[in-house]
Amino acid sequence: MRARHIAPATLLLPFTLLLAGCGGASRAEGTSDGTGSGTDGKGSLTLNVGDQKGGSEALLRAAGELDDLPYKIKWSTFTSGPPLLEAVNAGAVDVGAVGNTPPVFAAAAKSKIKVIAGSHSRSDGETILVKKDSPLRRPAQLKGKSIAVAQGSSAHYQLIASLKKAGLTPKDVTLNYLQPADALAAFTRGKVDAWAVWDPYTSQALDQAAARVLTTGQGVVNGLSFQVAAPAALDDKKKSAALKDYTDRLRRAQDWVFQHPDAWAKAWAKETGLPDKVALDAVKRSRGTAVAVAVDKAAVASEQRIVDSFAALKLIPRSFDFGTFVDPRFNGDLPPSGTAPRTYGKAQ
């Protein structure tokens, strides 16, 4: 497999996304991974929650689920899933939300993590993008082309799976491991032929970067995302009870989002700096379609396929049993992981 890194190029667009925004008045924020701080709730127990800009905190706040918390939540902000899971492994964070692929990389590194809750969303926002004037019309034409992707992200697996469906392997392309801001610059300046990415980056690139969708992850990836907790927090009786309450609040908040897409899009745009239209597009395309599901045997089997794919390509150091990194105690009466996501109708 050919892989190379491209030096960051000057951004040609005000692609702020999750890198900046304004938050609620009830908390303060830092600027580095894990250093953002702010506390909600009351009581003697504190749940340390890792988050990403415009993530769980913004969702819970908009839905009113941070009102009358019987325990405290101390928030820490991370730029992406991998550093968040490093903090979980270190015990600095009790729980945090990530996509379907970061837990695979963390578990392969023998991190101390447990997947405790899941959600299933439409995968229309998981895309491989090309420029509108690109001659590429189908994934098979990516052979010999350069593709930007964030290593270890959900887009990384979506790209591998999409290439496989097209009869290609990563050896047939040049992978450029870039985080979204740098990938946008490379994509905009024509330094790469395609970009594998997720919402809201998909929605903003379509709106502002003269992009079009070559293919989506729909029917290719599992559409799952997870809450991942520290085993020590699960072993603490009081923290375990708080984790159960926290995941229940997230489920109710996601129900609220589906019922109030415009209100959530406005709140999300304010939090992240996204344009209102882009936020609403992302909500209706993927972010608002999530339904809380059990982390069941089918979910474990689906994640195991990701493990096996990355291990076969030697992108992780070893294969392993993903099920050993799952704690199903909060599954309760949640529907199966294969339950169809919600939809607002035709994808945007």
Item to complete: Please work out whether the ring planes of Y201 and W195 are parallel, tilted or perpendicular, with thresholds of 30° and 60°.
Response: tilted
Discussion item. Let me check something: do I306 and F322 share a hydrophobic cluster, defined by ILVMFWY side-chain heavy atoms less than 4.5 Å apart, either directly or through other members?
Written reply: yes
Item to complete: Go through L163 and D172 one step at a time and tell me if the side chain to side chain contact (heavy atoms under 4.5 Å, CB included) criterion holds.
Response: CA-CA 9 Å; L163 290 174; D172 294 315; over 6 Å; no
Worksheet item: Mind checking whether Y71 and Y246 have ring centres under 6.0 Å apart?
Response: no
Item to complete: Please name the pair of heavy atoms, one in E303 and one in V104, separated by the smallest distance, quoted to 0.1 Å.
Response: OE1-CG2, 3.8 Å
Discussion item. Do S121 and R287 make a side-chain contact, defined as non-hydrogen atoms from C-beta onward lying under 4.5 Å apart?
Written reply: no
Fill in: H260 ring center near W264 ring center (under 6.0 Å)
no
Item to complete: Spell out, as yes or no, whether a donor-acceptor pair under 3.5 Å connects the side chain of Q259 to the backbone of W256.
Response: no
Worksheet item: Do T188 side-chain atoms and A185 backbone N/O form a donor-acceptor pair below 3.5 Å?
Response: no
Fill in: Side chain to side chain, V115 and V300, heavy atoms closer than 4.5 Å
no
Item to complete: Could you tell me which non-hydrogen atom of L129 sits nearest to which non-hydrogen atom of A205, and how far apart they are?
Response: CD1-CB, 3.6 Å
Worksheet entry | Salt bridge present between R329 and D327 (N-O < 4.0 angstrom) | yes
Fill in: With N48, the side chain to side chain contact (heavy atoms under 4.5 Å, CB included) member among I73, D94, V88, V95
D94
Fill in: Side chains of D321 and Q304 in contact at under 4.5 Å (non-hydrogen atoms)
yes
Worksheet item: Can you tell if the side chain of F78 reaches within under 4.5 Å of the side chain of E86, non-hydrogen atoms only?
Response: no
Item to complete: Would you give the length of the straight line joining atom NZ of K74 to atom OG1 of T46, rounded to the nearest 0.5 angstrom?
Response: 8.5 Å
Discussion item. Would you compute the distance between atom CG of L313 and atom NZ of K164 and round it to the nearest 0.5 angstrom?
Written reply: 9.0 Å
Worksheet item: What's the spacing between R122 CZ and R342 CZ if we round to 0.5 Å?
Response: 13.5 Å
Fill in: Residue pairs passing the side chain to side chain donor-acceptor pair (under 3.5 Å) test where at least one lies in residues 101-117, sequence neighbours excluded
none
Worksheet item: Nearest 0.5 Å, what's the CG-CG distance between D40 and L66?
Response: 4.5 Å
Discussion item. Tell me whether D245 is salt-bridged to R249, with the criterion being a basic N under 4.0 Å from an acidic carboxylate O.
Written reply: yes
Worksheet item: So, does T169 use its side chain to make a donor-acceptor pair with the main chain of K171 at under 3.5 Å?
Response: yes
Worksheet entry | Euclidean distance, T247 OG1 relative to L243 CG, rounded to 0.5 Å | 7.5 Å
Worksheet entry | Distance-minimising heavy-atom pair for R212 and K131 | NE-O, 3.5 Å
Worksheet item: Quick one: are T215 and K165 in side-chain contact, heavy atoms under 4.5 Å?
Response: no
Fill in: Separation of L84 CG from T77 OG1 (nearest 0.5 Å)
9.5 Å
Worksheet entry | Close side-chain approach of D296 and P328, heavy atoms under 4.5 Å | no
Discussion item. Can you classify the ring geometry of Y157 versus F310 as parallel (below 30°), tilted (30 to 60°) or perpendicular (above 60°)?
Written reply: tilted
Response to the item:
Of all heavy-atom pairs linking F187 and A194, the shortest is CD1-C, 4.3 Å
Discussion item. Can you tell me if D235 has over 12 outside heavy atoms packed within less than 6.0 Å of its CG?
Written reply: yes
Discussion item. Show, in sequence, the C-alpha distance, side-chain angles and deciding distance for V295 and N331, and conclude whether the side chain to side chain contact (heavy atoms under 4.5 Å, CB included) test is met.
Written reply: CA-CA 7 Å; V295 187; N331 279 348; 3.9 Å; yes
Item to complete: Would you mind checking if D262 and K266 are paired as a salt bridge, meaning a charged N to carboxylate O distance below 4.0 Å?
Response: no
Worksheet entry | Side chains of R285 and T202, donor plus acceptor under 3.5 Å | no
Worksheet item: Any salt bridge between D199 and K284, counting N to O under 4.0 Å?
Response: no
Item to complete: Anything under 30° is parallel, anything over 60° is perpendicular, the rest tilted; go ahead and classify F320 against F325.
Response: perpendicular
Worksheet item: Hey, are S119 and S225 close enough side-chain-wise for a donor-acceptor pair under 3.5 Å?
Response: yes
Response to the item:
side chain to side chain contact (heavy atoms under 4.5 Å, CB included) with V291: of Q254, H120, R251, only one passes, and it is H120
Item to complete: Using distance alone, with no hydrogens and no angle criterion, decide if N100 and S154 have a side-chain donor and acceptor under 3.5 Å apart.
Response: no
Worksheet item: What's the shortest heavy-atom distance between P103 and V98, and which atoms?
Response: CG-CG2, 3.6 Å
Worksheet entry | Distance-minimising heavy-atom pair for G50 and V93 | N-CG1, 3.3 Å
Worksheet item: Taking only residues two or more places apart in sequence or in another chain, which ones pass side-chain contact (heavy atoms from CB on, under 4.5 Å) with A312?
Response: none
Item to complete: Using the side chain to side chain contact (heavy atoms under 4.5 Å, CB included) rule, take D193 and S134 through it: C-alpha gap first, then chi angles, then the decisive distance, then the call.
Response: CA-CA 8 Å; D193 299 300; S134 170; over 6 Å; no
Worksheet item: Do F258 and L334 share a hydrophobic cluster, counting only Ile, Leu, Val, Met, Phe, Trp and Tyr and linking them when any side-chain heavy atoms are less than 4.5 Å apart?
Response: no
Worksheet entry | Pairwise side-chain contact, I128 with L142, heavy-atom cut-off 4.5 Å (strictly under) | yes
Practice prompt. May I ask you to test the Q158-W198 pair for a side-chain heavy-atom distance under 4.5 Å?
Written response: no
Practice prompt. Quick one: do S319 and D308 satisfy side chain to side chain contact (heavy atoms under 4.5 Å, CB included)? Show the steps, please.
Written response: CA-CA 6 Å; S319 187; D308 295 341; 3.3 Å; yes
Worksheet item: Considering residues at least two apart in sequence or located in another chain, which fulfil the side chain to side chain donor-acceptor pair (under 3.5 Å) criterion with S302?
Response: N222
